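The structure under discussion appears below in the form of structure tokens.
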Amino acid sequence: MNFKVRAATKDDCKEISRMILELAVFEKMPDQVKITHEELERDGFCHNPFFQCLVAEVPEEHKSEEGFTIVGYGLYFYTYSTWKGRSVYLEDLYVMPDFRGKGIGKGILSTVAEVGKKMQCVRLQLSVLDWNSPSRDFYAAKGAQDLTASEGWHFLRFDGQDLDNLANDAPKD
């Protein structure tokens, strides 16, 4: 299928927001999505953006039944490893169901890797739900290593009241 992967623009944020919700439904967590397209616009298209994003776009003649030409996205940001250096973290990779198996996901993933290499990143990291075997298999086939199995890492998070409590415990001047 003919498609192109390009850097997202501020005008793409409504489409990205739509697909974020679609991904959350697939991941069985739609109630977890609190972000709006306005927040995506603010956080991704400011002087110091918190994230970068790529979108996959098909020509009009291949648009979805609902009329969408933007059929996938990859949202990523840069991190730093104290052991290895510059890294890129892929927060989301999503392709609409009718467009899967056509090379679009690989195109987005490869473009994130290419961008990371241009920024001198030494690794690309991401998280996958344990039950999402198709995605785990997709990444493994491209050479991803499952660090949960090989190194025993656990992914932890502070949010909500726990984050507030932790922040409130910071030393004061």
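Along the sequence shown, residues carry numbers from 1. Predicted, not measured: the structure shown is a model, and the values here were computed from it. These values consider heavy atoms only, across backbone and side chains, with no hydrogens, waters or symmetry-generated copies.
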How about Phe45 and Cys13: do any of their side-chain heavy atoms sit closer than 4.5 Å?
-> yes
Assess whether atom CH2 of Trp153 is packed by more than 12 heavy atoms of other residues, nucleotides or ligands within 6.0 Å.
-> no
Can you tell if the side chain of Gln125 reaches within under 4.5 Å of the side chain of Leu90, non-hydrogen atoms only?
-> no
May I ask you to check whether Thr111 and Glu114 show a side-chain donor-acceptor distance below 3.5 Å?
-> no
Taking all non-hydrogen atoms of both residues into account, name the closest pair between Pro30 and Val25 and its distance.
-> CB-CG2, 3.8 Å
Spell out, as yes or no, whether a donor-acceptor pair under 3.5 Å connects the side chain of Asp12 to the backbone of Thr9.
-> yes
Tyr139 and Leu126, any side-chain heavy atoms less than 4.5 Å apart | yes
Is there a donor-acceptor pair under 3.5 Å between the side chain of Ser64 and the backbone N or O of Phe68?
-> yes
Identify whether NZ of Lys or CZ of Arg in Arg6 sits under 6.0 Å from the centre of the six-membered ring of Tyr73 and within 45° of that ring's axis.
-> no
Could you please spell out the steps behind the side-chain contact (heavy atoms from CB on, under 4.5 Å) verdict for Cys121 and Ser87?
-> CA-CA 5 Å; Cys121 293; Ser87 303; 5.5 Å; no
Sequence neighbours excluded, the answer for side chain to side chain contact (heavy atoms under 4.5 Å, CB included) partners of Gln32 is Met29
Who passes side-chain hydrogen bond (donor to acceptor under 3.5 Å, both in side chains) against Ser127, sequence neighbours left out?
-> Tyr89
Heavy-atom pair with the smallest gap, counting every atom of Val58 and Val71 = CG1-CG2, 3.8 Å
Heavy-atom distance under 4.5 Å between the side chains of Ile70 and Ile16, does that happen here?
-> no
Between Val112 and Leu124, what is the shortest heavy-atom contact and its length?
-> CG1-CD1, 3.9 Å
Lys10 side, atom NZ; Glu41 side, atom CD - distance, nearest 0.5 Å = 5.5 Å
Taking the side chain as every heavy atom from C-beta outward, state whether Tyr78 and Val115 have any pair of such atoms under 4.5 Å apart.
-> yes
NZ/Lys4 to OG1/Thr69 distance, rounded to the nearest 0.5 angstrom?
-> 9.5 Å
When clusters are formed by joining ILVMFWY residues with side-chain heavy atoms under 4.5 Å apart, either directly or through shared neighbours, do Phe138 and Leu147 land in the same one?
-> no
Same cluster or not: are Phe77 and Phe155 linked, directly or through other Ile, Leu, Val, Met, Phe, Trp or Tyr residues, by side-chain heavy atoms under 4.5 angstrom apart?
-> yes
Quick one: does Ser110's side chain have a donor or acceptor within less than 3.5 Å of a partner on Lys106's backbone?
-> yes
Determine whether Glu91 and Phe51 make a side-chain contact, defined as any pair of heavy atoms from C-beta on separated by less than 4.5 Å.
-> no
What distance separates Leu40 CG from Ile35 CD1, expressed to the nearest 0.5 Å?
-> 5.0 Å
CZ of Arg123 to NZ of Lys117: how many Å apart, nearest 0.5 Å?
-> 13.0 Å
Please round to the nearest 0.5 Å and tell me the distance separating atom CG of Asp159 and atom CG of Asp164.
-> 9.5 Å
Shared hydrophobic cluster for Val122 and Met119 (ILVMFWY, side-chain gaps under 4.5 Å) | no
Is there a donor-acceptor pair under 3.5 Å between the side chain of Asn132 and the backbone N or O of Val128?
-> no
So if you build clusters from Ile, Leu, Val, Met, Phe, Trp, Tyr with side-chain heavy-atom gaps below 4.5 Å, do Trp131 and Leu93 land together?
-> yes
Would you say Gln145 has more than 12 foreign heavy atoms packed within less than 6.0 Å of its CD?
-> no
Hey, mind stepping through Glu66 and Met96 against side-chain contact (heavy atoms from CB on, under 4.5 Å) and telling me if it holds?
-> CA-CA 11 Å; Glu66 303 85 3; Met96 292 173 62; 4.0 Å; yes
Smallest separation among heavy atoms of Arg136 and Asp130, with atom names | NH1-O, 2.7 Å
Polar contact flag, side-chain donor to acceptor under 3.5 angstrom, Glu22-Tyr94 = yes
Interatomic spacing from CZ in Phe99 to NZ in Lys63 - rounded to 0.5 Å = 11.0 Å
Side-chain contact test, heavy atoms from C-beta onward, threshold under 4.5 Å: evaluate it for Asp92 versus Tyr76 and give yes or no.
-> no
Hey, are the side chains of Ile20 and Val33 touching, using non-hydrogen atoms and a 4.5 Å cut-off?
-> yes
Would you say the side-chain atoms of Lys172 pair up with the backbone N or O of Asp169, donor to acceptor, closer than 3.5 Å?
-> no
